[in-house]
Amino acid sequence: MVVPELKAWRAARPHVVRVARSVRPQLVRAVEAVKPPLVRAVGAVKPLVTRPSTVQFTAGSATLGLVVAATVVTAAGPWDSTGQRTAEREWAASQGRAGGADHGHVSGTSGKAPAPAPSAASVLTGLGGSVGAGPSPTEKALADVLGPLLDNAALGTERTAAVVDLATGKRLYGKGADDALTPASTTKIATAVAALTAAGADHRIATRTVLEPDSEKVVLVGGGDPTLTARKDAQGNASLRTLADRTARALKDRKTDEVTLSYDTSLYEGPDVHPIGLDNTNVARVTALMADEGRLDDTSSGTAKRTEEPAADAAKEFADLLEDRGIKTADPVPAKATDRAKSLAAVKSPPLSALVERMLTNSDNDIAEALARQTAVAAGEPASFKGGGAAIRKQLKKLGLPLKGAEFADGSGLDRADKLTADLLTALLAKAADPAHPELRAALTGLPVAGFTGTLSTRYAGQPGTGLVRAKTGTLTGVHTLAGTVVDTDGHLLAFAFLTASDPPTEPTATQKGLDALASTLATCGCN
């Protein structure tokens, strides 16, 4: 028996295919007109669902290089497990655009959340209409719809907000936008922008082995790669096993099959324990050498029990891997490599842009703290909690961002001493959208997608913001924040930031729903 929806889809499909074919030449010309780095940056943008009867194509703008427009296609049709119409998925896949690498399954979840769809073409005008044709939202209209929602008691005793049009950089709405509050994990947006500015989107972090001259002393030198893995399936990350392969081969070429092994973590300075302490599952010791974030289970994101000695454990694992490859060694000890040591082998992390995306999507605290220290190293500051905070401020100041009231105590936002304003958060997003700064684009493409990916994969159920809101969450006891981007009904790309705090703490689920309602309203109100 053929269900009515399938009959409707079969009737509509030829029309959809004809429309897609008719716009393809224009798409090709548009793509060719965009600079290659910008095209690559927006390749991670995905077409996502608005609700079961309509589809909104999220698209990369030729001027902004990111999501700008959404014109609804109303043809009915069967939905695949990703929440996307099958024909659209096939069409997007045919353009050779794979989905973002870190927008898939979230470790620790049920695995039932929709998988990421293939990306649309880099420049895709909404079918049947133009991009951003309507007027921008007005301050009064935004105040009329956001004001009552911000008055929701579930948001707590303090709340601030800002909304900015990313096409113009103009602030469209503000409520206490210059008041600094504890941002929780939305701090990671600042960390992302600072790291990309200081080290560059293409920077890769090396973990290497060196041989001290006139000896058989091998040193495993940590470069601060938080994604280094000892697992068999490296999943694109730097592999401790590969480093062991290369090191063993280099030693055998020197006719050496027995060495002493030490490990060097001297790149980082100061305390390695986050101020929240070791008795938590949110972050490991911050050290220049670790494998799999020091996790004691097979997870790759979310909370997990951590080893108390991530550097020593990684070195011990490396020693075992060398033994498996015919290189005898005793238990490793800490030691700094000398300047005279000769290189044996190295492995490198994915590019910094990929680390930023993974950090933002999964709210990964270990990556965040590592990126703060990488920023410090690139900026000539001590690679410590204090130095990382100073380096972040230094990079954001270079970009001309509003830093009044801002405090950076760490890179992850776990420290309550962090302070940011809604104005700064939207300014960070606007800077990442600036066509003059394509190196910052990962600060946008890494944002979780409402109802689909990362820390937003289980939120927005049944709300109109599903698939349209991309935002970084922030949660501490009594603190809830949300900052990101949304496409409104007229195709305008808006940046928003909502920060709340309460003592005594509010009920977390109710507060998060209140924040989600604010972002969803921006997606649907038009407000002009």
Side-chain angles (χ1 to χ4, degrees), residues 38 41-42 45 50 56-71 123-126 129-147 149-150 160-178 186 189-190 193 399-402 420-438 440-441 443-445 447 449-450 464-465 467-472 481-499 515 517-528:
L38 203 55
V42 293
V45 176
T50 61
Q56 186 164 2
F57 279 89
T58 50
S61 165
T63 56
L64 287 179
L66 43 101
V67 183
V68 293
T71 301
V123 180
L124 178 61
T125 302
S130 59
V131 174
S136 296
T138 66
E139 182 175 359
K140 182 181 184 306
L142 285 171
D144 287 344
V145 296
L146 297 181
L149 295 174
L150 284 166
T160 66
V163 179
V164 169
D165 186 338
L166 289 185
T168 64
K170 178 183 177 182
R171 186 202 288 178
L172 303 176
Y173 175 79
K175 178 182 175 65
D178 299 323
T186 52
I189 298 174
V193 170
L399 294 172
L401 296 167
L420 297 183
T421 65
D423 190 30
L424 174 56
L425 283 168
T426 51
L428 285 162
L429 296 165
K431 189 63 68 172
D434 188 340
H437 291 280
L440 303 181
R441 205 70 72 235
L444 295 177
T445 57
L447 294 173
V449 181
L468 304 180
V469 174
R470 302 181 70 115
K472 181 70 199 76
T481 59
L482 191 69
T485 64
V486 65
V487 181
D488 73 6
T489 55
D490 291 312
H492 293 282
L493 183 65
L494 308 177
F496 64 85
F498 304 117
L499 294 86
L515 291 172
L518 285 161
S520 291
T521 296
L522 287 176
T524 57
C525 76
C527 295
N528 45 48

(Q) Is there a side-chain contact between Leu518 and Leu146 in this structure, where contact means two heavy atoms from C-beta onward sitting under 4.5 Å apart? (A) yes
(Q) Can you give me the closest heavy-atom contact between Pro137 and Asn528, atom names plus distance? (A) CA-CB, 4.2 Å
Q: List the atom of Val469, the atom of Ser520, and the distance in Å for their closest heavy-atom pair.
A: CG2-N, 4.4 Å
Q.
Restricting to non-hydrogen atoms, name the atom on Ala497 and the atom on Ala422 that form the minimum distance, rounded to 0.1 Å.
A. CB-O, 3.7 Å
Q | salt_bridge(Asp178, Arg171) N-O dist < 4.0 Å | A | yes
Q: Find the distance between CG (Leu499) and CG (Leu425) and round it off to the nearest 0.5 Å.
A: 5.5 Å
Q: Please round to the nearest 0.5 Å and tell me the distance separating atom OH of Tyr173 and atom CG of Leu150.
A: 4.5 Å
Q | From OG1 (Thr521) to CG (Asp488), nearest 0.5 Å | A | 12.5 Å
(Q) Within the structure provided, determine whether Leu482 and Thr186 are in side-chain contact (heavy-atom separation under 4.5 Å). (A) no
Q: Determine whether Lys175 and Thr160 make a side-chain contact, defined as any pair of heavy atoms from C-beta on separated by less than 4.5 Å.
A: no
Q) Which atom pair, heavy atoms only, marks the closest approach of Ala443 to Val193? A) CB-CG2, 4.0 Å
Q: Would you check if Val164 and Lys170 make a side-chain contact, meaning some heavy-atom pair closer than 4.5 Å?
A: no
Q: Please tell me if the side chains of Ile189 and Leu429 come closer than 4.5 Å, counting only heavy atoms from C-beta onward.
A: yes
Q.
Check whether His492 reaches the backbone of Pro135 with its side chain - one donor and one acceptor, N or O, closer than 3.5 Å.
A. yes
Q.
Restricting to non-hydrogen atoms, name the atom on Pro464 and the atom on Thr524 that form the minimum distance, rounded to 0.1 Å.
A. CB-CG2, 3.4 Å
Q | Atom pair OG (Ser136) and CG (Leu494), whose distance is rounded to the nearest 0.5 Å | A | 8.0 Å
Q. Which atom pair, heavy atoms only, marks the closest approach of Thr489 to Ala523?
A. CG2-O, 3.3 Å
Q: Could you tell me whether the side chain of Val487 reaches within less than 4.5 Å of the side chain of Leu468, counting heavy atoms only?
A: no
Q. Got Leu399 and His437 here, is their nearest side-chain heavy-atom distance under 4.5 Å?
A. yes
(Q) Determine whether Thr138 and Leu172 satisfy the following criterion, side-chain contact (heavy atoms from CB on, under 4.5 Å), listing intermediate values before the conclusion. (A) CA-CA 6 Å; Thr138 66; Leu172 303 176; over 6 Å; no
Q | Side-chain heavy atoms of Leu428 within contact of Leu401, under 4.5 Å | A | yes
Q: Check Leu142, Val145, Thr485 against Leu522 for a side-chain contact (heavy atoms from CB on, under 4.5 Å) and give me the one that passes.
A: Leu142
(Q) Main chain of Thr445, side chain of Arg470: is a donor-acceptor contact present, judged purely on distance under 3.5 Å? (A) yes
